[in-house]
Structures are given as structure tokens and as C-alpha cells.
Asker: 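This is the structure I want to talk about, given as C-alpha cells.
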Amino acid sequence: MIKFNLFVLPFSLGLIYIIASIFRHYYRWIKTLPAVDKIKLSAGMRSPSKVMDSLKEIILESLIHRKLWKKNPLLGYMHMSFALGWFLLIVVGNLESRIYHGSHFNAPYYPIFLKFFIHDRLVLFFEVFSVPAFFRFIMDFLLLFVLSGLILAIIKRRRSKWFGLNRTTGHNLFDRMVLTCLWLIFPMRLLAESLTAGYFGGGGGFLTQNLGTLLVNILPFPAENTAYFFWWSYSVVLGLFFVMMPNSRYMHIPSELLLIVFRHCGIQPKKWDSSYTALETYSCSRCGVCLDACQLNFAAGIQKIQAVYFIRDQRDQFVPEDITLTCMVCGRCQEICPVGIHVDSVRLIKRRELSSGQVSDFSFISNRHPGYAEVVYFAGCMSHLTPSVPRAMEGILKKAGVDYLFLDRNGSICCGRPLMLAGKDKQANELLEFNKNLIRQTRARLLVTSCPICYKVFREEYNLPIRIQHHSQFLLDLVKNGKIALQSQHRKIVYHDPCDLGRGGNIYSAPRELLGKISDIVGCEHENGDALCCGGSLGLFRTSLSKRDEITKNALSSLLARHPDLLVTACPLCKKTFLRHSPVPVMDLAEMIYDSIPGNHGKQLKPAPLRQDPVSVMS
Amino acid sequence: MLDFGYTISIDRQIDLDRGDMRYIEFVKAIDPSLDICIGCGSCTATCTAGNFTDFNIRRLHTSIRRGDTKSLKQEIRKCMFCGKCQLVCPRGVNLRNVILSLNQAIERLG
């Protein structure tokens, strides 16, 4: 016999709606994938190892929330109790309902509202190890588990610092309504089950039975009607939650599962607004972990532009221009995002849309043969503003006897990355082609650059047939091959990881290994993947210099906390930016190395002669 | 041409009432930092595009301030956004944003 009561309808209708909605979204995301990605997806789904890897990540990240545990145990526990607790409640509830099976058809609402339909007698003390008692214990335990998370979630609204969050996301009204429904689900379940167990004098576990007996005794209302009211409330909040979920941030729950599968199948983010981008924006849970990572927030006091808000606006298909253009693209939020959303690439997609109607004209670039050499050295625009860096590099290259060519000695054509950061990829490609051609003509086997910005774009966009090294790697190779000998200066230094070299190029150890040979490195609070941006970022458009200065000063105070004699970096832009405010000297890695070659210490490098008459600016 | 012993110069008088001020207003609304420019020309001196052509951001700024936007569209296309100008600016004008805004102004105002 199928058990039914009218109050199951809100839940059941909500469930039908949410399942239909999830399938509709899944279908759309998969259908609009490019053909090559569809092949990757179907191949991935047939590969047992990829399916297992996806499952493993889903369990670790979507249920246990490992990354949040690492960030803060309390935050991790809170999310785990909701996700894992609710998941197990559904699974164990389903198993439990099978014992009391009245028919072959197990209606979806039946396990959810089981205690309404089944009124078991009180468990006697010698029956504690029976199957029904075991299930009752587990179900009550899981409910308590979820409720403990709920209490933490309420505390988190007031005391987010206890959870390792200085700021939490400011949710809009709709999200707050859905949140209220979610929070109400479990107390309603507790009250409904407890009152039923209390009224019938049995059927509950350690939590619901005792609470129920107590409530029945103290409540002035008839217990049966009160219980029925709470069963209705439980069903209504569940139904409401399901109906609102597809348009709320909680859509991240089903979306993230598909995103994890996509990622394990090898599907990459695209340069245009694709279904991968849409899936990523839906997968954002708006947890707000990115808020504390953003220097614009904690150093410059600029709010509402951070990844969480940007992704939310992107999902709503309306991103204000200022939000798109106010970002250093430093990658700190991306590094810390527990879902692994490529925030920077989504932001660049938006910038591309913004700049799509703009035109450039680089026809003035004329091609001349650069000459031949084994190694091409490309200083980059920024290095021309810190001429001591290319000078030191030339000094080292000569000392090591390398057959090299200084490709942009007489002024450079930009590598293209600054244009890309402005969303002008089409225009950047013109520069790319020009530089590629120039580099190809040299017949070199190695391209060395002093600028991490150039390094990133050379590696990711140029598709050059030769090796590409940042000067930190190149100099380390020279030292390892015995081409240059170094003499330690025994200076106390701190090393600053440039964004595009560290997070952008994954080079952390080479500069440290090199500097370790010639100086004593002191650490700092934010290092490696967590390194701060100097504030000079070329990705930032809509922010005044005074705000940039605040970011620079904040980064400096963190870097210089352990009182080093010298601040060393490996990026001309970082050097130039820090120089404005640093109380200690700022040096590039190349200068340090040049200075440590025996006989060079303290020697000033002569500036190269001007190649032309000074440019007239007054015409 | 007959030589009469004198030439007639093109009228160099600037009539601010007839100038096209839409561009400068558009940019200033987005980035007010343009107003603190002292016209020193450091940006122009360091400019990569200026090294290869007569692209002159200082002159361009002066022109659009006077409402003369004839050469703006052709000239601004040469910028490579490398940002050296912004780094050498002694006043802290947010130059890359200014150029981006000029691009937007051209796109939107025609």
C-alpha cells in the first residue's frame, strides 16, 4: 500500500522542479560544448581512471570540503556538516525506509517523511543493537551533525573571524531568502520528528525521542496537531528551497559536480564565453574566501569588485564596466578558490567583450633583420624603465661567454600581454606575429626574458619552437653549468614573488635557489602561491595611483616585517613599483647575480649610449 | 603659385565654443586623474609607439582638451598599452585607463 498525505506535495513538486531544472542546465552545458570537448567528455566518461578521479574529487571537495578544512577547520567542519551530513541523511534515510517497505514502489517523499508514516514502538534496552534501533541512532546522529553545522553557520554571520574570514560575502535579498529556507529545513525536521515520536511514545532515536517526550509534556498545544503543522512546514521549506535553488547560489551544488567531471576529462577554459565559463559561474558558491585574498579589499578598501561579486554579476549577465576593469589579475583569488574557478580568465573574457569594437593600427612597425645568435635576450618594455636590469644581464652574458643577441636593445615592440589584459587580443596578435617572426629569424635555440609578463605570454601564446626561460632559470643554469662563479655577499634579503612569475609561470624555486647561494633569505608572511602583488599590475585600469600606493605600502610592510637589508624581486615592474616607497634598496635578481660575480661588487654599470636624439615632446 | 612676397598662415585661433568637447568630458568622467596632468611630456618621451612614429600623447591630450579631435582616431590606434607612460608620470595620471577610455569614447561617440 502506498502511503500518502497531502503535506508531501510541496516537497514532491519542488523535487520534480529541481530535477528537471538540473537536467535542463546539464543538457545545455553539455550540448553547447565545442565538438572537440564533447569528444573529450565522452572519452573521459569511458575511462575508469578518470571517472574514479572525478568521484574521488567529488567526495573530497563537494562532500568533505578538504580545501576549506585547510583554510580553517571550523569553516571546513561547517560546510562538511551540511554537505556530507545532508547527503548521508538522504542515503541512510533511504536504506532505513527499505525496512518498513510496504510496497515495491519507494516514493521519493517516503524516506524523507518516514517518521510520519511509521510509528515504531519504544526501543527496549536489550534491543539497542537491533537494525531499526541502529538506523534510528544513525539518523538522529546525522541530524545532530547537520544541526551543529547550522549553529556554526549562524555564529559565522556574526563572528566570521572565528572561521578565518575577515569579510563575508554581502548576499542579495534573494540569496538571503533561500538561505533562510535552507536553515529552516533541519530545525523543522527535528521538531516534526520529535513531536511525532513524543506523541506516539516511540519511533525516535536518542535525540528526537527525548526531545519529543519533553516537548509533549511542556507544550500547551495538542501534540498531534503541532507535529502535523511541523511536517507541513518541513515539506514547504524543502519545496521552497528546491524551487528557488536554480536561481540562487545553491545551484553551485549540482554545477560543481559537472565542473569536476569536465576538468578531469581535460576540458580547458576558453578565451570566449563558452559553456565552460557558464558552468564555472554557476559553480561559485559565493563562500567569500576570495574576499580576504584580494588586496584591493584589504589594502586599498575597494569593495564589491572581488571575484565573488564579479562571478555573480557574470552569472546574472550584467557586469558593470568598473567591476570588469578594476582587478589586478594577480591570481590570488584564483589560487585560493575552493572550487577552482578560473576567475582571471573569466574576467579577461569580459574585457574582450568590452573592447571588441575598438581598433588598433600597428602598421608602423617595420621589420628589419635582427641578426643571428644562439640565445635571444628580450628585456621587455618594463626593463627599459629599469635599465640597470638589462645592463646587468648583458654584463653576465658577456662574462659567461654566451653567444647572445639583445633583441630589443633599441626600444621594444611590446610582447602583447598588456593589450590582452585590456581585452584587446586581436590587436595583441599583431604584435605577437611580429615578435614571433623576429625571434624566428635569429635562429636561436633559447629565448631569455627579464620580464615575467613577457615570459608568461611567450610561453602561453607564442607557440615558439624554441626554449623559453625567465632570467632566473637561465642564470641558475649558468651557475650550475659553471659558466659563472658567485661569491656570497651575506646580505639579509627578502624575495618577492612576482605574480606572473609565481602564480602565472609557476617559478618559485629557481630564484630562491639562486639567491640562496649568495645571500641569506629571510621569509615573509605571504610567499609562493600566496605572494602579494606589488600594486603596479598592468591588469588594473579603473583605480587611482593613491589606491595603488596603498597596495604597494601594504605589500612592503608584509615583505619587510623581518627587517631584511635588501628587497629582491625578479620583475622590472615590481622593482619600479616598490622603489617608490621602499625604505630599503630594491634590486632585481640579475643585478644581485652581477654584483656577486667576483670582481664586480659595487661596480656601477655604465649606461648604454643613446641611440638617437632625444624625442621632442613639445611639438 | 605666384610669389607676392608674403604668405597667409592657416588660422590658428582656437574657438572653444566650436570644439568637440565630448571626448574630454567622457574621459574625465571615467578618470578624473587626467586633470592633474602638468603637460611635462614624460609619457611621450618614454612611449614605444612614439619611438617609431610621431605619436605624441601629450599633443593628443592638448588637442582633445581644445576640442580638436580630428587626428584622435587615427593616432590613438598606435598605442600598445605597455604602460611605460603611466609608470614615468610624475603626477600619477592613470594613463592606460585614459587611453582605454578614449578608445571607448571613439567606439561610443563615433
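Quick note on labels: first sequence line is chain A, next is B, and so on, each numbered from 1.
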Asker: Tell me the residues of residues 75-86 of chain B whose non-hydrogen atoms fall below 4.5 Å from those of chain A, in number order.
Answerer: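 Listed by number: B:Arg77, B:Lys78, B:Cys79, B:Met80, B:Phe81, B:Cys82, B:Gly83, B:Lys84, B:Gln86.
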
Asker: Heavy-atom distances under 4.5 Å only: say whether A:Leu419 touches chain B with side chain, backbone, both or neither.
Answerer: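 Contact with chain B: backbone and side chain both.
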
Asker: Report the distance from atom CG of A:Leu579 to atom CG of B:Leu87, rounding to the nearest 0.5 Å.
Answerer: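 Those atoms lie 11.0 Å apart.
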
Asker: Name the option with the most non-hydrogen atom pairs under 4.5 Å to chain B; the candidates are A:Arg580, A:Lys424, A:Arg548.
Answerer: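 Looking at each of A:Arg580, A:Lys424, A:Arg548 in turn, A:Lys424 comes out on top.
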
Asker: Judged by atom type as modelled, is there a donor-acceptor pair below 3.5 Å linking the side chain of A:Arg542 to the main-chain atoms of B:Ile30?
Answerer: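 Side chain of A:Arg542 to backbone of B:Ile30: no pair is present.
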
Asker: Got a second to check how far A:Phe541's CZ is from B:Asn94's CG, nearest 0.5 Å?
Answerer: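 Between A:Phe541 CZ and B:Asn94 CG, I get 9.0 Å after rounding to 0.5 Å.
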
Asker: Between A:Glu321 and chain B, which part of the residue has a heavy atom less than 4.5 Å away: side chain, backbone, both or neither?
Answerer: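 Contact with chain B involves the side chain of A:Glu321 alone.
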
Asker: Only pairs under 3.5 Å count here: list side-chain donor-acceptor contacts from residues 20-29 of chain B, not counting sequence neighbours, and write none if there are none.
Answerer:
{"from": "B:Asp20", "atom 1": "OD1", "to": "B:Arg22", "atom 2": "N", "distance (Å)": "3.2"}
{"from": "B:Asp20", "atom 1": "OD1", "to": "B:Arg22", "atom 2": "NE", "distance (Å)": "3.0"}
{"from": "B:Asp20", "atom 1": "OD2", "to": "B:Arg22", "atom 2": "NH2", "distance (Å)": "3.1"}
{"from": "B:Tyr23", "atom 1": "OH", "to": "B:Gly110", "atom 2": "O", "distance (Å)": "2.4"}

Asker: Given a strict heavy-atom distance threshold of 4.5 Å, which part of B:Ile106 is in contact with chain A: side chain, backbone, both, or neither?
Answerer: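 For B:Ile106, there is no contact with chain A at all, as no heavy atom is under 4.5 Å.
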
Asker: Quick one: what part of B:Thr46 sits under 4.5 Å from any heavy atom of chain A, side chain, backbone, both or neither?
Answerer: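 Just its side chain gets close to chain A.
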
Asker: Between atom OG1 of B:Thr53 and atom CD1 of A:Ile365, what is the distance when rounded to the nearest 0.5 Å?
Answerer: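 So the gap between those two atoms works out to 10.0 Å.
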
Asker: So which part of B:Asn103 gets closer than 4.5 Å to some heavy atom of chain A, the side chain, the backbone, both or neither?
Answerer: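 It is both, since atoms from each part get that close.
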
